[in-house]
Amino acid sequence: MDKISRRSFFRRTVAAGAAGAVIMAKGAASANGAAGQPMATVIDLTRCDGCANQNTPLCVAACQSKNRSRFPEPVKPIMDYWPRKGFEDWSDKKGLRDRLTPYNWLYVQKVTVDGKTVYAPRRCMHCDEPTCAYLCPFGVIAKNGDGSVVIDPDGCFGGAKCRDVCPWGVPMRQAGVGLYLKLAPKLGGGGVMYKCDMCHDLVKQGKNPACVTACPQGAMTFGDRSAMKQLAEARSKEIGGYVYGASENGGTSTFYVSPVSFAAIDRALKEQKVVDGKPGRSGMPLKVENKVDQLDGWATGVLLAPVAAVFAAGRAAYKSLASEKNAGDDSDKGGES
Amino acid sequence: MEKLLESEGKVLRHDRTVRIIHWLIALSCFVLVFSGFGQMPVYKRYMITDLPGLTWTADYFITLKMHYVAAVILVFASFWHVVYHGIRRDNGLVPRKGDFGESVRIMKAIITGGQEPPSDKYLAEQRLAYVFMAGTIAVLILTGIIKTVKSMGFVLPEGLVFWSTQLHNLGAALIVFGIVAHLGAFIVPANLKLLGSMFHGKVDLEYVKHRHSIWYEKLKRRSR
C-alpha cells in the first residue's frame, strides 16, 4: 500500500472531487487531463536509447519545436544583478542540448552503469507537493489539476528561488526579459524562470505532451496518474527493477523505471561528470524529503493560534472584569487599553 | 489596569498584559520582516549571506520556519488583543471624529512650539496610527493564512493565491513603513516621555496633567 501524506490526502480528495464534478457535468466517461484529472508520465529507461541515430533525441526536438515561440527574447544590453556583477544569459547558448536551459526544457542524460548504457530524459518532475509553487514569493507558479506545475512568465520576477528550493534545480533563469524590466531592473528581479509545463495546453485538450508523442521507442507513456503509477510498478516488477519519482519530494507526476538501481545511476552520473551539481544538470538523488511538508506542524500552529487566542483572551478578559468588579471599581470599564 | 499613582507621582498607563502583548507583536513583527525579506529572495542578491554569521539566511527553509514561528506569536497576540479589549470595551485607540484635524494641530504645535490641544490617553495621531498598523497587520495575517493553507497542500483558486501574495508583499512594505514611523515618533522630545511606559507601564503624573489632561480628569473621577 502506497504511503499517503496528509497533504496528499487533502489534495487528492479535492482534486478527485473537482474532477468528478467536471466529468459528471460533461457526462463524459473518460477521465483524462482534459477533465483536470491528475496525469503522469512513465519513463521506461529500458526502452529509451537516446535516439542514438539522431543528432538530437526526438523528444528533445519535439519539445523545442512545440515551445520555441515561448523561448525568451532578452532585451540587450542586459544589466548586472546589482550589487553583484554579472547576470544569467543563455541567449547565446540556445543550441545546448546537454543540460536544461531557458531554451531547452528537456534533455537526455547518458551514463554507463555496470556496463550498461542508460539514457534518462530529464525535465521537471511535476511534484505533487511542488516546493517551487508553495514558496514562489509572487504566487505565479500554479499546480494544476492535471498535475502540471506551470510558471506564469508574465508575473515571474526571476528571483530564482524556485530553482533553489527545487530538489532537482530544474527552473532556469534568463535575464533581460519579464516584468522586472518595467519596475526597477537594476535593483530587483533577474528575469524569468523557464521549465517544462507538461504541455499543459495539449493536456487540456486531451492530448499527450509533445515529448511523449515524439518518442519512437514508446519509452514514455502518459495517462491517468494512478494508472501510470500502477504501470510503473508493474513494469518494475516485470524487469526486477526500480521506480524513481513516486515518493521523492512527497511524490511526483513522473515515474522512471530502470533495471538498475537509481542509487547506482545517481552515483554514476556524478562519477562520470554527467552532472556537476549545478542547476539544470541534476542527478537522481534518493530520499528527497519535502522540506515544506516538514514545516506542516508550524503551519498548523498558525491556523490554530486564533482559536487558542480567542479562548485564552476571553477567559482573561472575564477574569479581569470580575476582578475589577470585586474591587468595587464601577468605572466605565474604564479601559483605554 | 490604568490608574493614578499619586504618591509615586506616576500614572500606570499600560498594565502588564498590554505590555506583554505589545512586545509579542513588536518582536514577532521584527522576526517576520527579517524572515519575510529572506523569502523574497533578496539576501543572496544583496550579499547579506556573505556577512559573518549570516550565511544561514540563504536557506529558505530556515527563514520559512522562523516566519512560521513568529507568525504563530503574531496571530495569537493579535487575536488576543482584539478579543480581550473587545470584551472589555477598551476603546481608547479607536479613532474619533475630528482626529485628522487634531493630529494636524498637534503636529503644528510640535513644530512651532505652540500649545497642543488637550489629549485623552492617546493622542489623535496615535489613534490614526493604530488603525494603520492594525489594518496592515490584519491584511498580513489574513493573506498569510491563505498562503499557509496553500503551502499545506490545499488547492486554492489561482487568483486568490496570486492576489493574497501581492497583498502580503504590499502589507510587508506598509508594516516596515509603519514601524519606522512608530519609532520615528520618538524623535519628538515630548513623545519620549511615553517610551518608558512600554517597559514599566508608568508615565510621569505631571506629564499626564500637562499633555493628556482629558485622560487625567477621567482618572481623577474614577479614583474618587
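Proteins come first, then strands; the chains are lettered A, B, ... in the order of their sequence lines, and each starts at number 1.
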By a 4.5 Å heavy-atom criterion (distance strictly below it), what part of A:A160 contacts chain B: side chain, backbone, both, or neither?
-> neither

Assert top hit (heavy-atom pairs under 4.5 Å, partner chain B, pool A:A142, A:A133, A:G301, A:P306) equals A:P306

Using non-hydrogen atoms only, which part of A:L187 is less than 4.5 Å away from chain B: side chain, backbone, both, or neither?
-> both

More than 12 heavy atoms of other residues, nucleotides or ligands under 6.0 Å from NZ of B:K10: is that the case?
-> yes

Ring center gap for B:Y43 and B:F34 short of 6.0 angstrom = yes

Only one of B:H182, B:H22, B:H81 passes ring pair (Phe, Tyr, Trp, His ring centres under 6.0 Å) with B:Y130; say which it is.
-> B:H81

Sort out for me which of B:V69, B:L74, B:D59 touches chain A most, counting heavy-atom pairs under 4.5 Å.
-> B:V69

Determine the option with the most heavy-atom pairs under 4.5 angstrom with chain A, choosing from B:H67, B:E158, B:K65.
-> B:K65

Engaged part of B:Y60 at the chain A interface, taking heavy atoms whose separation is under 4.5 Å = side chain

Highest number of heavy-atom pairs under 4.5 Å with chain B: which of A:G159, A:A316, A:A299, A:A308?
-> A:A299

Under 4.5 Å to a heavy atom of chain B? For A:N144 that would be side chain

Quick one: are B:L12 and B:E2 in side-chain contact, heavy atoms under 4.5 Å?
-> no

Examine whether an atom of A:L295 lies under 4.5 Å from a heavy atom of chain B, and if so say whether it belongs to the side chain, the backbone or both; otherwise answer neither.
-> both

Contacting region of B:Q166 [heavy-atom separation from chain A under 4.5 Å] = side chain

Among the options A:C136, A:G155, A:G190, A:A312, pick out the one with the most heavy-atom pairs lying under 4.5 Å from chain B.
-> A:A312

What orientation do B:Y46 and A:W82 show, parallel under 30°, tilted 30 to 60°, or perpendicular over 60°?
-> perpendicular

Counting heavy-atom pairs under 4.5 Å to chain B, which of A:G139, A:A309, A:G314 comes out on top?
-> A:A309

Check whether any side-chain heavy atom of B:M40 lies under 4.5 Å from a side-chain heavy atom of B:N169, and answer yes or no.
-> yes

d(A:R84 CZ, B:M47 CE) to nearest 0.5 Å is 5.5 Å

Are there more than 12 heavy atoms of other residues, nucleotides or ligands under 6.0 Å from atom CZ of A:R315?
-> no

